[in-house]
Amino acid sequence: MYLLELGGEDDAFAACEAASAATGLKRVAPGLAVARGMVPDRVRGLAYTHAASELIGRGGADPESARSILEAAAIDRAGSVAVRATDVHGSTGVDTRLVERELGNLLVDRGFSVDLEEPDHVLRAVFSAGRLPDDEADTTTDGEADTTATGYEPDTAATDREPDVTAAAGPRGETVSVCALGWLAVESVRDFGRRKPTDRPFFQPGSMEPLLARAVANLAGARPGRTVLDPMCGTGGVLLEAGLVGADVLGVDAQAKMVAGARENLALLPDGESAVGVPAGDPSVVRGDATRLPFVDGAADGVVFDAPYGRQSKIERHDLADLVGGALAEAGRIATRAVLVADRTWVGPAREAGWTLEALFERRVHRSLTRYVHVLS
Ligand SMILES: C[S@@+](CC[C@H](N)C(=O)[O-])C[C@H]1O[C@@H](n2cnc3c(N)ncnc32)[C@H](O)[C@@H]1O
């Protein structure tokens, strides 16, 4: 079992993204999930998961539980160690320094040396208390309660193991208080701040920030060997993130200046291995109409697009409803999975285009912009 430390404000969204890298995912406390299997290269590329650790054990959110878990653990490793404790959102009030000292002492008693700079092993002790929300189902706005943000089926192809746990949610509405101990296995690469849209060769207002772009790319299934298409690629922000986790990327935009700009930005993809440890994917961007794509059926594995916000994007030839509806239908011809980001919900048109809504997330950007992320299959 693995312990996943989730990031950001929305655990349901983080868990949904993490399901692209792990199987048998279950949220166990605010900011914390457990998983039965995980793929290290994919965890390294997650936006809203910070780390995965080999789970040692779980107990109540207090230092005594942490000590008991460690005392009872069979430890099949040796060398130097550092203990790193976290109190998620300051929710438990546990003195993490004290916990680090006490657990460190226990490990020294068991033959480890302490090395805080370059340890052979890192022991994570994570404390979290709070309520596991039961209200994510309400993010759909068309009155249909059958699809919830937590009803997402994890990607069963993430590992070879059996997909016997299906929901990225934990118990509903339960108040929990958890301490979980694990040996750090892999951390995600936190280099998003180095790719600010304003620092790229081509920038336009409305460019998606890299953190969300990476998450939606992952939700669309980006990884080595897969092709991800953005039929309204704008500056290419989503494609850049998809390429950095190894997917081959196809971009389309109606505006010639966006096509030229996206090509320039995608030239930033490294020739060799990207920071997440896989070779960067191959990019290709063409001018076209998202409702009549110049690709054969099944040309991509996943489609992801950020529909125009009216104010910010030039809509060529169509009104917005025709554009989104037409693009959703084309996406269904091209791929079996899609992620639609928009400033409103498009659940009805998505269903009319033949998609099943796996999850819908609401992400507030600022006072006048909320983005809705539709995960479709
Ligand atoms: C919200 S922007 C995409 C922003 C992009 N995600 C980014 O990070 O830069 C929407 C894009 O849709 C494009 N667009 C509008 N109508 C289109 C159409 N019919 N076919 C393809 N692209 C279209 C616009 O030119 C614009 O670049």
Side-chain angles (χ1 to χ4, degrees), residues 47 192 195-220 222 228-245 247 249-269 283-295 299-300 302-335 338-346 349 353 361 363 365-366 368-374:
F192 301 99
R195 285 191 301 284
K196 292 198 189 84
T198 44
D199 294 345
R200 291 181 196 144
F202 178 70
F203 169 73
Q204 290 284 296
S207 298
M208 193 185 285
E209 65 280 17
L211 204 60
L212 181 60
R214 173 66 64 79
V216 296
N218 283 328
L219 287 171
V228 169
L229 161 70
D230 182 344
M232 301 184 199
C233 69
T235 61
V238 174
L239 296 179
L240 190 57
E241 296 304 319
L244 287 170
V245 294
V249 298
L250 286 173
V252 174
D253 202 282
Q255 298 188 66
K257 75 165 181 185
M258 295 294 187
V259 172
R263 282 183 185 148
E264 248 189 288
N265 287 345
L266 288 168
L268 297 175
L269 283 171
S284 159
V285 184
V286 296
R287 190 171 178 193
D289 181 343
T291 67
R292 284 182 295 136
L293 292 168
F295 303 115
V303 170
V304 54
F305 65 101
D306 184 15
Y309 302 154
R311 272 179 302 119
Q312 288 170 341
S313 298
K314 190 171 172 207
I315 301 167
E316 310 271 323
R317 294 189 291 279
H318 311 275
D319 74 20
L320 191 59
D322 288 346
L323 173 63
V324 174
L328 282 165
E330 270 297 76
R333 185 178 68 76
I334 302 283
V339 180
L340 163 61
V341 184
D343 64 352
R344 66 204 76 176
T345 58
W346 293 97
F361 301 98
R363 303 189 61 82
V365 182
H366 50 68
S368 52
L369 177 61
T370 297
R371 282 194 175 115
Y372 294 86
V373 179
H374 308 63

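Whatever order the structure lists ligands and atoms in, that order sets their numbers, starting from 1. On a predicted model such as this, the values are computed, not experimentally measured, just so you know.
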Thr291 vs Leu323, test: side-chain contact (heavy atoms from CB on, under 4.5 Å). Steps then yes/no. CA-CA 7 Å; Thr291 67; Leu323 173 63; 4.1 Å; yes
Sub-4.0 Å atoms of ligand 1 with respect to non-hydrogen atoms of Gln255: 24 (C), 25 (O)
So do the side chains of Val304 and Val228 get within less than 4.5 Å of each other, counting heavy atoms only? yes
dist Cys233:SG -> Asn265:CG (nearest 0.5 Å) comes out at 9.5 Å
Results of side-chain hydrogen bond (donor to acceptor under 3.5 Å, both in side chains) for Asp306 - residues two or more places apart only: Tyr309
Can you list the atoms of ligand 1 that are under 4.0 Å from a heavy atom of Thr235? 7 (C), 8 (O), 9 (O)
The one among Gly237, Pro231, Cys233 that brings a heavy atom closest to atom 21 (C) of ligand 1: Pro231
Relative to the heavy atoms of Gly234, which atoms of ligand 1 are at a distance of less than 4.0 Å? 9 (O), 27 (O)
Considering distance alone, does some N or O of Met208 sit under 3.5 Å from an N or O of ligand 1? yes
Heavy atom of Gly288 under 4.0 Å from ligand 1? yes
Measuring from Leu250:CG to Leu239:CG, what's the distance to the nearest 0.5 Å? 8.0 Å
Looking only at distances, can you tell me whether any N or O atom of Tyr309, backbone or side chain, sits closer than 3.5 Å to an N or O atom of ligand 1? no
If we set the cut-off at 4.0 Å for heavy atoms, which region of Thr291 has an atom near ligand 1: side chain, backbone, both, or neither? neither
Provide the number and element of each atom of ligand 1 under 4.0 Å from a heavy atom of Ser207. 7 (C), 8 (O), 9 (O)
Using a 4.0 Å heavy-atom cut-off, say whether Ala307 meets ligand 1 through its side chain, its backbone, both or neither. backbone
Keeping the roles fixed (side chain from Glu330, backbone from Leu293), state whether a donor-acceptor pair exists under 3.5 Å. yes
Can you confirm, on distance only, whether ligand 1 has an N/O atom lying under 3.5 Å from any N/O atom belonging to Val238? no
Do Met258 and ligand 1 have an N or O pair less than 3.5 Å apart? no
Does Arg287 use its side chain to pair, donor to acceptor, with the backbone of Ala254 at less than 3.5 Å? yes
Does an N or O from Asp230, backbone or side chain, lie closer than 3.5 Å to an N or O of ligand 1? no
Results of side-chain hydrogen bond (donor to acceptor under 3.5 Å, both in side chains) for Lys257 - residues two or more places apart only: Gln204
Which distance, rounded to the nearest 0.5 Å, do you find between the CD of Glu241 and the CE of Met208? 10.5 Å
Against ligand 1, does Val252 come closer than 4.0 Å with any heavy atom? no
Which of the numbered atoms in ligand 1 are under 4.0 angstrom from any heavy atom belonging to Ala254? 17 (C), 18 (C), 20 (N), 21 (C), 22 (N), 23 (C)
Step by step, work out the side-chain contact (heavy atoms from CB on, under 4.5 Å) result for Arg344 and Leu320. CA-CA 11 Å; Arg344 66 204 76 176; Leu320 191 59; 3.4 Å; yes
